[in-house]
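Structure first, then comments.
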Number of protein chains: 2
Amino acid sequence: MGKTRSAPTLNDVAREAGVSTATVSRCLNSPERVIESTRQRVLQAVESLGYTPNFAAQVMAAKRSFTIGAIIPTMDNAIFARGLQAFQDQLREAGYTLLVSSSAYDPEAEHEQIRTLVARGADGLLLIGHARRTDIYDYLERHQVPSLVAWSYEPEAVRPSVGFSNSGAMCELARRVLAAGHRRIAIISGITKGNDRAQARVSGIHQALLDAGLAADELPLIETPYEIDKGADAFARLMALDPRPTAVMCGNDVLAAGALREAQRLGISVPEQVSVTGFDDIEIAGIVHPALTTVHVPHREMGRKAACELIAMVEGRSPGKSVCINTHVVTRHSLAPPAEA
Amino acid sequence: MGKTRSAPTLNDVAREAGVSTATVSRCLNSPERVIESTRQRVLQAVESLGYTPNFAAQVMAAKRSFTIGAIIPTMDNAIFARGLQAFQDQLREAGYTLLVSSSAYDPEAEHEQIRTLVARGADGLLLIGHARRTDIYDYLERHQVPSLVAWSYEPEAVRPSVGFSNSGAMCELARRVLAAGHRRIAIISGITKGNDRAQARVSGIHQALLDAGLAADELPLIETPYEIDKGADAFARLMALDPRPTAVMCGNDVLAAGALREAQRLGISVPEQVSVTGFDDIEIAGIVHPALTTVHVPHREMGRKAACELIAMVEGRSPGKSVCINTHVVTRHSLAPPAEA
DNA sequence: ACACTATTTGTAAGCGCTTACATCAATAAT
DNA sequence: ATTATTGATGTAAGCGCTTACAAATAGTGT
């Protein structure tokens with residue numbers, strides 16, 4: 001059938017259909033601008049040759065890729081999975097493709113990934129959190145690539161963002177812990193350096209204590225990467241403290257899951273002997289034993305809204321506005337009043 | 001400073017450094033072919049202009065992208081995460097970038113993604129499992145894109161693959177279950193249609209029964225997507241059977257985690273009243289209670305080896321050979337002898 | 001000094017596509 | 001009948017890069 005053994009190009013299709021390359025291109029990109037009969041002929045040629053447009057060539061010629069890039073700190077656990085899935089689904093609906101890469105919580109790596117994604121022709125970028133060098137935004141501006149921050153909402157931030165108040169949410173959870181009667185509270189936080197969300201979560205706890213008229217700065221606090229094993233280690237260290245905390249608030253559900261696992265290993269019963277809380281309400285929160293009391297983040301809603309906003313920015317329909325998503329505490333079994341002193 | 005407000009091109013750099021575009025290109029791609037003094041000048045121009053090469057243009061001109069594509073059935077859970085991470089790490093070491101997309105276990109979607117990735121200039125593709133239409137391979141061949149199958153090793157398969165024997169591994173696990181004394185065994189399998197791994201896992205169980213001289217075809221079997229909730233539902237249905245199975249073998253750890261959660265909800269104690277097994281040994285297997293007896297798959301090793309092999313294929317150093325990875329059963333607490341009848 | 005080779009750099013032809021503009025035919029308006 | 005208008009299609013100029021080939025320069029051996 002086909003004359004050559006290698007991949008067909010627009011030119012081959014044009015020849016096969018007896019039209020110009022412009023017409024073929026139009027058939028594929030704005031079919032209404034081509035008369036029915038011609039279109040038939042062209043589409044048939046496309047079909048019979050098994051033609052697929054060369055993406056790089058399209059991007060180069062059109063300076064438009066219908067691709068959105070997202071750089072998340074990690075793919076290792078499920079923290080970002082659900083939100084990103086929703087983000088992607090919404091993008092797809094609008095005809096965009098998502099390219100994801102992870103920075104391993106390293107600002108330099110993130111910078112690198114941003115350049116890579118832009119070089120690959122991303123029309124817009126989704127970034128996590130506000131904390132990063134400002135010259136990156138200059139770079140994006142020069143390349144005319146709009147960017148949107150997610151997973152974090154700060155009223156005073158200049159850049160547009162679709163997220164939630166990490167401090168507010170954690171503050172509310174801390175209030176519950178206080179209301180349950182806990183006074184010896186310890187924190188297992190994610191690494192706060194370069195992570196505004198982790199910072200905000202810790203400060204949310206502090207805020208709750210201050211609001212309650214308690215000293216906030218002497219809470220035992222361990223910072224550690226968001227990994228199950230690290231959460232377990234940190235919990236073990238906290239349990240060795242004297243006096244031992246009656247409640248351990250974790251920076252997210254992954255750390256909390258680690259804490260719970262360690263509690264079990266140590267024979268410390270949760271919540272009878274010590275309470276544990278998480279953050280995010282990812283799947284694992286409902287599976288561990290006891291099920292975690294945590295902050296529910298509507299990840300899907302956030303992902304969807306971020307997609308809509310970013311697309312609007314890319315298409316020049318919006319200069320970039322910020323959206324605040326509401327979170328709420330979900331009460332399960334890992335938080336209970338402390339054993340009487 | 002810079003004269004224009006928009007992104008600098010090779011040309012701008014060349015002008016700034018007072019050399020030709022060819023020299024700039026060489027400086028960036030094969031520095032040893034350019035004399036030191038010139039290189040200095042060029043690199044400085046690159047630096048001062050903040051130049052980043054345009055990827056689409058590079059791909060077009062070089063017909064090489066140093067990009068590998070991977071299409072996995074799902075990103076929703078961690079099944080593929082670890083292996084893919086190792087795959088990516090190894091790729092990066094060799095100077096390649098990984099592009100991942102997910103097919104949602106839909107063959108049509110997979111086909112679509114393959115075309116997309118090829119159109120984007122992927123130099124090679126990682127595919128999961130052997131089951132797919134053969135015309136896809138023709139397409140890949142025409143575009144001269146080598147592909148490698150992972151997560152599955154079938155001695156008789158034509159295509160190269162880096163994986164493990166799903167049936168063999170599951171067969172071994174089933175032997176343990178039988179050795180523990182179980183005879184009323186039920187299966188919660190993933191959807192087997194279009195999924196050779198799920199099929200092989202079920203047939204591994206059958207094989208073990210046959211080897212033990214037992215009837216294999218009347219085992220209760222529920223097929224359901226790999227989701228926690230689905231595993232829970234399936235487990236509930238199985239527990240309603242009369243006689244009730246004494247062991248439930250799950251197609252993977254995610255289903256098993258769901259089963260465990262449901263067991264707890266139903267007040268059925270594992271492993272005292274019923275044993276549960278998983279497959280994969282992902283992180284969750286050690287976190288659930290009781291910890292899962294499951295098949296350990298060396299995902300990292302598989303990912304690494306797959307990367308090495310695929311790169312060798314892309315670079316024409318290998319026609320594509322198959323590698324079999326060894327798995328082993330890891331004994332934890334979810335499997336025990338049945339309560340006496 | 002010469003021819004010859006090796007090294008460095010420049011020239012320019014694409015890679016496969018999109019799109020502004022030109023062309024042409026057909027229809028509507030005068 | 002003539003001109004303006006609209007719609008379908010063709011022409012060709014890039015998009016930003018790589019690389020074969022040509023040219024120029026420097027180094028070598030005789």
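Just so we're on the same page: letters track the sequence lines, and every chain starts at 1.
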*Using a cut-off of 4.0 Å on non-hydrogen atoms, how would the nucleic acid contact of Val59(A) be classed: base, sugar-phosphate, or nothing?*
nothing
*Taking Thr97(B) for the side chain and Thr67(B) for the main chain, is one N or O donor matched with an acceptor at less than 3.5 Å?*
no
Distance-only criterion, 3.5 Å: show the donor-acceptor pairs between side-chain atoms of residues 57-64 of chain B and protein atoms not counting sequence neighbours.
residue: Arg64(B); atom: NE; partner: Asp123(B); partner atom: OD2; Å: 3.3
residue: Arg64(B); atom: NH2; partner: Tyr96(B); partner atom: OH; Å: 2.5

*asked:* Walk along nucleotides 11-16 of chain C from 5' to 3' and tag each nucleotide B, S or - by protein heavy-atom contact under 4.0 Å, base first, then sugar-phosphate.
replied: BB-BBB
*Please report, rounded to the nearest Å, how far the C1' atom of dT7(C) is from the CZ atom of Arg39(B).*
14 Å
*Counting just side-chain N and O atoms, does Thr38(A) come under 4.0 Å of either OP1 or OP2 of dA8(D)?*
no
_Test salt bridge (charged side-chain N to carboxylate O under 4.0 Å, His left out) applied to Glu315(B) - qualifying residues, sequence neighbours left out_ = Arg317(B)
*Results of side-chain hydrogen bond (donor to acceptor under 3.5 Å, both in side chains) for Ser101(A) - residues two or more places apart only*: Gln113(A)
*asked:* Applying salt bridge (charged side-chain N to carboxylate O under 4.0 Å, His left out), can you list everything that pairs with Arg132(B), at least two apart in sequence or on another chain?
replied: Glu110(B)
For residues 303-310 of chain B, which side-chain donor-acceptor pairs fall under 3.5 Å, sequence neighbours excluded?
residue: Lys305(B); atom: NZ; partner: Glu301(B); partner atom: OE2; Å: 2.9
residue: Glu309(B); atom: OE1; partner: Lys321(B); partner atom: NZ; Å: 3.3
residue: Glu309(B); atom: OE2; partner: Ser318(B); partner atom: OG; Å: 2.8
residue: Glu309(B); atom: OE2; partner: Lys321(B); partner atom: N; Å: 2.9

*Test side chain to side chain contact (heavy atoms under 4.5 Å, CB included) applied to Thr74(A) - qualifying residues, sequence neighbours left out*: Asp76(A), Asn77(A), Phe80(A), Tyr105(A)
What donor-acceptor contacts under 3.5 angstrom involve side-chain atoms of residues 82-91 of chain A, with partners at least two apart or in another chain?
residue: Gln85(A); atom: NE2; partner: Asp89(A); partner atom: OD1; Å: 3.2

*Of all residues at least two apart in sequence or in a different chain, which pass the side chain to side chain contact (heavy atoms under 4.5 Å, CB included) check with Ser20(A)?*
Ala22(A), Thr23(A)
*End-to-end bend of the helix from dA1(C)-dT30(D) to dT30(C)-dA1(D) (five-pair axes, 10° rounding)?*
40°
_Members of residues 27-37 of chain B that approach DNA chain C, where some heavy atom sits under 4.0 Å away_ = Val34(B), Ile35(B)
*What residues, two or more places apart in sequence or in another chain, satisfy salt bridge (charged side-chain N to carboxylate O under 4.0 Å, His left out) together with Glu36(A)?*
Arg39(A)
